[in-house]
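Sequence positions, counted from 1, serve as the residue numbers for this chain. Note that ligands are numbered from 1 as they come in the structure, with each ligand's atoms numbered from 1 the same way.
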Amino acid sequence: MITVKFGGTSLADAQRIRHAADIIRANPDRRFVVVSAPGKRFPEDTKITDHLIRFQASGDPRDFQPVEERFEEIIRELDISLDLSADYDEMKNEPHNADYMASCGEYLSARIMAAYLGWPFVDTEFCVFFDEKGRLDRRRTNNTLQEKLGSLEHAVLPGYYGAMPDGQVHTFSRGGSDISGALVAAAMGADTYENWTDVDGMLTADPRIVPTATTIPAITYAELEEMAYQGATVLHEEAVRPAWDAGIPIHIRNTFRPEADGTWIRSENIVRDNPVTGVAGRKGFSILHIEKEKMNAMVGYVRKTLSCLERHHVAFEHMATGLSSFSLVVSTASLADCRETLEWEIQQEVDPDALTISDGFAMIAVVGCGMIDRPGIAGKLFSALGDIGANVRMIDQGGSQMSIVLGVTEDCYEDSVQAIYDRFFINMNVL
Ligand code: ADP
Ligand code: ASP
Ligand code: MG
């Protein structure tokens with residue numbers, strides 16, 4: 001049995017939905033289908049989820065118009081009889097929380113796919129559950145999915161959302177339909193979780209930066225999770241665990257090139273000549289730097305600083321400590337509502353000699369389970385970046401030794417990714 005998930009680009013219009021349905025029907029083992037909201041049809045297009053988020057913010061019915069029009073066009077072109085007018089009215093006219101509104105694209109998309117395939121629609125609002133803090137309740141979700149799907153031959157489910165204990169709709173973070181698909185696959189004990197997207201699989205680097213990046217034929221769950229976490233957004237990082245725990249292989253495939261082999265994700269160690277499996281990265285980081293003379297001897301100094309971050313729910317990604325200073329890397333977005341207060345609280349709490357928060361950093365991760373016992377990787381990295389004049393502001397070798405993360409300024413992010421890629425995948429013998 002195969003659980004499949006189709007992403008937004010794969011379902012952006014009627015023709016693509018028809019094509020996805022052909023893929024589903026081509027193998028009778030594809031019994032459970034999880035869908036995203038329609039995404040972009042062309043580069044300048046707007047995803048349905050972004051229209052909905054905009055409508056929630058503005059409350060202007062004109063912002064809902066493109067949503068209704070897109071779904072109505074799809075229904076017309078698919079030539080199915082499905083009346084969603086009561087749903088649109090409820091979405092437009094009733095007061096709702098932001099998560100409810102963001103989830104509507106998946107709901108409507110699944111209703112359409114279910115009608116087109118002639119399969120039952122099962123709403124994840126009643127099978128995916130979060131606790132009062134918004135954390136996924138995996139046990140309850142697993143049991144309920146088994147209960148609701150166990151007697152069904154087929155079903156179509158919307159991705160991306162579930163419900164809070166009080167019944168309010170709650171979404172995962174963006175791209176979260178991948179998680180829903182993994183949860184369904186895990187609950188149903190699928191033989192494979194097929195994740196259909198718009199690229200040939202997990203590539204050795206972000207194809208928007210390195211157009212010549214190649215497909216990774218096989219990758220371990222741990223490597224994939226790390227790549228996804230570090231910015232290779234082809235699969236949501238939280239989609240890896242449910243499949244990994246249940247021992248279900250994930251197969252990332254291209255809807256627009258179903259003949260391509262895709263990427264297989266399994267747990268067994270994969271033997272490769274190249275110690276590096278892929279390069280991933282993200283922009284949008286800030287470095288919080290604190291100086292305090294003889295800080296190394298002050299027990300609890302860092303803890304007190306971190307407690308200030310904790311109060312504002314600011315998580316840190318990396319930390320570097322020294323004799324009389326330390327730095328924390330945090331996402332710039334997490335400082336949006338608390339920057340001044342946080343600075344003031346840190347001043348009060350630990351009385352630093354200097355405190356700065358600098359924005360505009362990107363983190364680049366070199367990932368590979370084969371790096372553990374290979375000397376010289378960091379040397380090659382520095383040399384690649386030195387050659388293009390990029391200044392490395394931070395380095396962190398993850399505890400698992402499966403990744404090395406470098407911080408550079410955002411203006412040299414793309415060039416740095418390309419330079420690292422060239423050194424590890426093209427000119428591999430250059431030191
Ligand atoms: P979907 O809508 O199918 O969920 P996403 O847009 O979430 O698809 O993810 C696919 C996109 O991820 C690709 O189009 C590509 O631009 C981007 N991407 C970033 N890094 C990588 C990578 N290492 N390999 C493949 N795709 C990547
Ligand atoms: N539609 C949601 C988003 O755009 C979830 C998803 O596509 O996975 O983020
Ligand atoms: Mg996605």
Side-chain angles (χ1 to χ4, degrees), residues 4-12 16 20 23 34-41 43 45-54 67 70 98-99 101-110 124 128 157-162 170-183 194-217 219 223-240 250 252-257 260 262-263 265 276-283 364-368 413-414 417 420-421 425:
V4 297
K5 177 259 169 179
F6 283 88
T9 324
S10 307
L11 303 170
R16 295 185 195 181
I23 291 174
V34 173
V35 296
S36 280
K40 294 184 181 193
R41 295 159 289 187
D45 199 11
T46 304
K47 295 179 181 186
I48 288 292
T49 309
D50 290 314
H51 277 301
L52 291 162
I53 291 170
R54 188 176 306 159
V67 176
R70 176 103 72 104
D99 280 17
M101 194 51 73
S103 76
C104 291
E106 268 69 16
Y107 169 82
L108 297 168
S109 180
T124 32
V128 172
L157 301 96
Y160 188 39
Y161 69 91
H170 185 69
T171 63
F172 292 107
S173 54
R174 295 300 301 268
S177 299
D178 293 329
I179 312 171
S180 316
L183 294 170
E194 283 182 351
N195 190 289
W196 291 85
T197 183
D198 59 357
V199 281
D200 277 357
M202 178 61 87
L203 308 180
T204 44
D206 187 334
R208 293 164 296 188
I209 301 173
V210 183
T212 55
T214 53
T215 312
I216 303 170
I219 185 169
E223 286 175 309
L224 182 85
E225 190 174 47
E226 187 73 17
M227 285 280 292
Y229 174 65
Q230 302 291 355
T233 50
V234 65
L235 194 83
H236 195 295
E237 81 252 18
E238 290 167 42
V240 180
I250 306 174
I252 304 179
R253 303 188 63 173
N254 190 344
T255 311
F256 307 104
R257 267 177 28 91
T263 296
I265 298 106
V276 173
T277 307
V279 183
R282 266 182 297 149
K283 291 182 176 178
I364 304 173
V366 177
V367 178
Y413 170 64
E414 283 84 4
V417 170
I420 294 171
Y421 180 84
F425 290 97

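- Asp198 has no carboxylate O lying under 4.0 Å from a charged side-chain N of Lys40, or vice versa, which leaves the two without a salt bridge.
- Counting atoms of ligand 2 from 1 in the listed order, those under 4.0 Å from a heavy atom of Arg174 are 3 (C), 4 (O), 9 (O).
- For the atom pair NZ (Lys5) and OG (Ser180), the distance works out to 8.5 Å, reported to the nearest 0.5 Å.
- The shell of residues lying under 4.0 angstrom from ligand 2, judged by heavy atoms, excludes Gly105.
- On a distance-only criterion, Ser36 and ligand 2 share at least one N/O pair closer than 3.5 Å.
- Considering backbone and side-chain atoms alike, Lys47 places every N or O at 3.5 Å or more from each N or O of ligand 2.
- Close to ligand 1: Gly201, with a non-hydrogen atom less than 4.0 angstrom away.
- Within the 3.5 Å criterion, the main-chain N or O of Thr46 finds no donor-acceptor partner in the side chain of Asp50.
- Once rounded to the nearest 0.5 Å, the distance linking OG1 of Thr255 with CD of Glu194 reads 10.0 Å.
- To the nearest 0.5 Å, atoms CG (Leu235) and CD1 (Ile219) are separated by 10.0 Å.
- Of the polar atoms of Gly8, none of the N or O atoms is found under 3.5 Å from an N or O of ligand 2, judged by distance alone.
- When the heavy atoms of Asp198, Asp200, Leu203 are ranked by distance to atom 10 (C) of ligand 1, first place goes to Asp198.
- For Asp178, no nitrogen or oxygen atom sits less than 3.5 Å from a nitrogen or oxygen atom of ligand 2, counting backbone and side chain alike.
- Distance remark: protein heavy atom present below 4.0 angstrom from atom 26 (N) of ligand 1.
- In terms of modelled atom types and a separation under 3.5 Å, the side chain of Asp99 and the main chain of Thr171 share a donor-acceptor contact.
- Here the CG atom belonging to Asn195 is positioned 4.5 Å from the CG atom belonging to Asp178, to the nearest 0.5 angstrom.
- For ligand 2, the polar-atom distance check against Lys5 finds no nitrogen or oxygen pair separated by under 3.5 Å.
- Taking every non-hydrogen atom of Lys5 and a distance limit under 4.0 Å, the qualifying atoms of ligand 1 come out as 4 (O).
- At a 3.5 angstrom cut-off on N or O pairs, Ser10 does not count as close to ligand 1.
- Put simply, the side chain of Met202 does not reach to within 4.5 Å of the side chain of Glu223, judged on heavy atoms.
- By the 4.5 Å heavy-atom criterion applied to side chains, Pro158 and Ser109 are not counted as neighbours.
- Looking only at heavy atoms of the protein, atom 16 (O) of ligand 1 is closest to Arg208 NE, 3.2 Å.
- Residue-ligand proximity: Gly159 is placed with every non-hydrogen atom at 4.0 Å or more from ligand 2.
- Ligand 1 has Ala205 within reach: a non-hydrogen atom of the residue lies less than 4.0 Å from it.
- Put simply, the side chain of Arg174 reaches to within 4.5 Å of the side chain of Thr49, judged on heavy atoms.
- Taking 4.5 Å as the limit, every side-chain heavy atom of Val4 sits out of range of all side-chain heavy atoms of Ile23.
- Here the protein heavy atom with the shortest distance to atom 2 (O) of ligand 1 is Gly8 N, 3.2 Å.
- The option with the heavy atom closest to atom 5 (P) of ligand 1, from among Ile209, Asp178, Thr215, Thr233, is Thr233.
- In this structure, the side chains of Phe425 and Val279 come closer than 4.5 Å at one or more pairs of heavy atoms.
- Protein heavy atom closest to atom 21 (C) of ligand 1, with residue, atom name and distance, is Pro207 CD, 3.7 Å.
- For ligand 1, the atoms lying closer than 4.0 Å to a non-hydrogen atom of Met202 are 22 (C), 23 (N), 24 (N).
- Taking a 4.0 Å cut-off on heavy atoms, Gly175 fails to register as neighbouring ligand 1.
- Under a 4.0 angstrom heavy-atom cut-off, His236 registers as lying outside contact with ligand 2.
- In this structure, the side chains of Thr124 and Tyr161 come closer than 4.5 Å at one or more pairs of heavy atoms.
- At the shortest separation from atom 3 (O) of ligand 1 among protein heavy atoms lies Thr197 OG1, 2.7 Å.
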